[in-house]
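Written below as structure tokens is the structure these notes are about.
Start at 1 with the first residue, then count along the sequence. Hydrogens, waters and symmetry mates play no part in the numbers below; they use all other heavy atoms, side chains included.
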Amino acid sequence: FTGKSMTRNFRIPLLLNSYLVTEMLAPFFASFLIMNSVFFLVKLVPLLNIVLELGIGFHDFIRLFAYIFPNIFLYSLPMSAMMGVIIGFTRLTSDTEILALKSCGTSLYQTVPSVVIFSTIIAVLTGSFSIKLIPASEIAMKQLMFRLAKEKIDHGSQEQQITEALGDLVVYVESADDKTKELKNVWVSDMRGQEIPIITMATTGKMISDVKNMMVTILLYDGSLHQSGVEDAQIVDFDRYRINIPLQPPSLIDGKNVSTLSKKMMTMSQLQQRASELGRDTQKGRKMLIHHEKRLVLPVGCLILSLLGLPFGLLGGAGKRAIGVPIGLFFFMFYYVMFTLSQAIAETGVMPVEIVMWIPNVIFLVIALYCLNKMTHEQPLIPKFIKVRITLFNNHVLFPLFKKFKKLVGQSKTKVKTVKPIIKKVAPQFLQAGIIRANAYSRVYHFPECEFYTCKYCTMTFKNTEI
């Protein structure tokens, strides 16, 4: 072979792969946009509640929603990738482009690398969101929520105004120094766990924020504490008094609390370390390990589901229904059902977490390889003996049951008998009593009492029988 021919043979797969990847990108982005729009509408209501309660601006609202997007992408990317492969190859099959490739001597094996490249890129993106961006976004959201709550408190604690931004604590400050942040003549009413408030008064004070522990501390100096009861009252003088206030902003987003440190905020190494501290065989330790494996399982599952979309996309054809999309949606939901089931099994401790969490990926990998093998050999995905069994089951079980059910429904319906109205034939008004009617052709005449008196062929009338 010459160098020119070798170069030409090397460029053909690159051109084919780039074309196939381009065909998959358009439906991928369309599916990605639609899915994220749906998720946006679902998440919008709880976000609007936070906006109204904290009074945040548009800029902080965009930041808050941007921190939620990595969790959305963890599920929208795999499904969009699978739909991109299915819809892309369904279009190629419907337009007979796959048939044209076969006629040019291109094997279906040569279409697999393009799907692998496309799926690997999406899987890497999913992995980066799962391992890196989701923990970072959770921490950033926690800090943002703390800052918003702190700003609400700072705006609320103004001079000679009552601050009610701390829940069951009410603070009144007579004056405040903007440079030193020192508060003067502070009055605090504490209703936490009390029916009658505890009143604290101090000459000076200071407010300290702890971002890590989501805590606001009020330090009071040279004051007194007043607690009144039903029978007696207490007054305690102090030189220094500390009030710790855990911040509890409206941080529940979609039922999840983002104001406390959770396993979603931990890195991979922190999850392993926390699992070892809690005990890998304990329930809390297994939850840490489950979340650790989840960050690895879902990106690999994205790759496998995208590969499974290739044979489903080739099920259609010119003049055939595009059944690949509903089949792909079914397998996508079935994968996440198995994934949820594997999480439940892992929490029980029946099997090691590292094994049971990867069972859905192993099963779907076997299904994907089987379907790819059948597709490249142009064989039906469902074996012939299974089709025969399904046909026999339908003919001998489903269809008879359906007929019996239809018969029972038909019998249960009440039959309504139609009653024909009785129509009495009345002679015309000009046929008065005593007039005889006769048929000119048969020469038969009828009296009014005759049943054939109103016959249409009787066109002659007589006054009597005498002529």
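- Taking all atoms of both residues into account, the shortest heavy-atom contact from Ser306 to Met82 is OG-N, 4.0 Å.
- Here the side chains of Met83 and Phe332 are not in contact, with every heavy-atom distance at 4.5 Å or above.
- Taking Thr111 as the reference, nothing meets the side-chain hydrogen bond (donor to acceptor under 3.5 Å, both in side chains) condition, with sequence neighbours excluded.
- In this structure, CZ on Arg295 lies 9.5 Å from NZ on Lys264, to the nearest 0.5 angstrom.
- Every residue two or more places apart in sequence or in another chain that forms a salt bridge (Lys or Arg N to Asp or Glu O under 4.0 Å) with Glu97 is listed here: Arg91.
- Note: Phe364 and Phe331 have perpendicular aromatic rings, judged against thresholds of 30 and 60 degrees for the angle between ring planes.
- For the pair Thr126/Leu74, a side-chain contact is recorded, criterion being any heavy-atom separation below 4.5 Å from C-beta on.
- The main-chain N or O of Ser76 is found under 3.5 Å from a side-chain atom of Ser80 such that the two form a donor-acceptor pair.
- Taking Glu354 as the reference, nothing meets the salt bridge (Lys or Arg N to Asp or Glu O under 4.0 Å) condition, with sequence neighbours excluded.
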Walk me through whether Gln343 and Lys294 qualify under side-chain contact (heavy atoms from CB on, under 4.5 Å).
CA-CA 9 Å; Gln343 282 184 303; Lys294 175 184 175 181; 4.0 Å; yes

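- The two residues Val356 and Ala346 come nearest to each other via the heavy atoms CG1-CB, 3.4 Å.
- Inspection of the Gln272 and Arg280 side chains reveals an N or O donor paired with an N or O acceptor under 3.5 Å.
- The two atoms that bring Tyr221 and Gly205 nearest to each other are CD1-CA, 4.3 Å, heavy atoms only.
- To the nearest 0.5 angstrom, Leu20 atom CG is 11.0 Å from Leu25 atom CG.
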Test log, rule side-chain contact (heavy atoms from CB on, under 4.5 Å), inputs Ser114 and Leu16
CA-CA 8 Å; Ser114 60; Leu16 175 64; over 6 Å; no

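- Between Leu296 and Trp358, the closest side-chain pair of non-hydrogen atoms falls below 4.5 Å.
- Counting heavy atoms of neighbouring residues, nucleotides and ligands inside a 6.0 Å radius, atom NZ of Lys284 does not exceed 12 of them.
- Between Tyr335 and Asn361, some side-chain heavy-atom pair lies under the 4.5 Å cut-off.
- Here Phe32 contributes atom CZ and Met79 contributes atom CE; the two are 13.0 Å apart, rounded to the nearest 0.5 Å.
- Residue pairs meeting the salt bridge (Lys or Arg N to Asp or Glu O under 4.0 Å) criterion with at least one partner in residues 332-353, sequence neighbours excluded, are absent.
- When every heavy atom of Val85 is checked against every heavy atom of Gly309, the shortest pair comes out as CG1-C, 3.6 Å.
- Under the 4.5 Å side-chain criterion, counting only non-hydrogen atoms from C-beta, Leu372 is in contact with Pro311.
- Here the side chains of Thr90 and Leu315 are not in contact, with every heavy-atom distance at 4.5 Å or above.
- Distance check, rounded to the nearest 0.5 Å: CG of Leu41 to CG of Asn36 gives 11.0 Å.
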Evaluate the side-chain contact (heavy atoms from CB on, under 4.5 Å) criterion for residues Asn71 and Glu138: first the C-alpha distance (whole Å), next the side-chain angles of each, then the deciding distance (0.1 Å), finally the verdict.
CA-CA 9 Å; Asn71 288 284; Glu138 292 287 335; 3.1 Å; yes

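- In terms of modelled atom types and a separation under 3.5 Å, the side chain of Thr96 and the main chain of Leu99 share no donor-acceptor contact.
- Rounding to the nearest 0.5 angstrom, the gap separating the OG atom in Ser276 from the CG atom in Leu289 is 7.5 Å.
- Looking at residues two or more places apart in sequence or on another chain, you find a side-chain hydrogen bond (donor to acceptor under 3.5 Å, both in side chains) between Arg274 and Glu277.
- For residues 113-144, the pairs satisfying ring pair (Phe, Tyr, Trp, His ring centres under 6.0 Å) are Phe28-Phe118, Phe73-Phe129, with sequence neighbours left out.
- Looking only at side-chain heavy atoms (C-beta outward), Ile98 and Leu108 come within less than 4.5 Å of each other.
- In terms of modelled atom types and a separation under 3.5 Å, the side chain of Ser130 and the main chain of Gly127 share no donor-acceptor contact.
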Could you walk me through whether Phe39 and Tyr75 pass the ring pair (Phe, Tyr, Trp, His ring centres under 6.0 Å) check?
CA-CA 10 Å; Phe39 282 122; Tyr75 298 96; 7.7 Å; no

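- Separation of atoms OG (Ser128) and CG (Leu77) is listed at 8.5 Å; rounding is to 0.5 Å.
- For Pro197, the side chain to side chain contact (heavy atoms under 4.5 Å, CB included) partners at least two apart in sequence or on another chain are Ser189, Met191, Ile199.
- Applying the side chain to side chain contact (heavy atoms under 4.5 Å, CB included) test to Leu365 and every residue at least two apart in sequence or in another chain returns Ile304, Leu369.
- Applying the side chain to side chain contact (heavy atoms under 4.5 Å, CB included) criterion to Ala123, with sequence neighbours excluded, gives Leu303.
- Within the structure, the ring pair (Phe, Tyr, Trp, His ring centres under 6.0 Å) test picks out no pair touching residues 282-303 (sequence neighbours left out).
- Counting heavy-atom neighbours within 6.0 Å of Tyr19 OH, excluding the residue itself, gives a total above 12.
- For Lys206, there are no salt bridge (Lys or Arg N to Asp or Glu O under 4.0 Å) partners two or more places apart in sequence or in a different chain.
- Checked against side-chain hydrogen bond (donor to acceptor under 3.5 Å, both in side chains), Arg240 has no partners two or more places apart in sequence or in another chain.
- Closest non-hydrogen pair, Ala202 versus Leu220, comes out as CB-CB, 3.7 Å.
- By the 4.5 Å heavy-atom criterion applied to side chains, Asp190 and Thr200 are not counted as neighbours.
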Might you work through the side-chain contact (heavy atoms from CB on, under 4.5 Å) test for Phe339 and Leu298, ending with a clear yes or no?
CA-CA 9 Å; Phe339 177 75; Leu298 290 180; 4.0 Å; yes

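- For Ile139 against Met265, the heavy-atom pair with the smallest separation is CD1-O, 3.5 Å.
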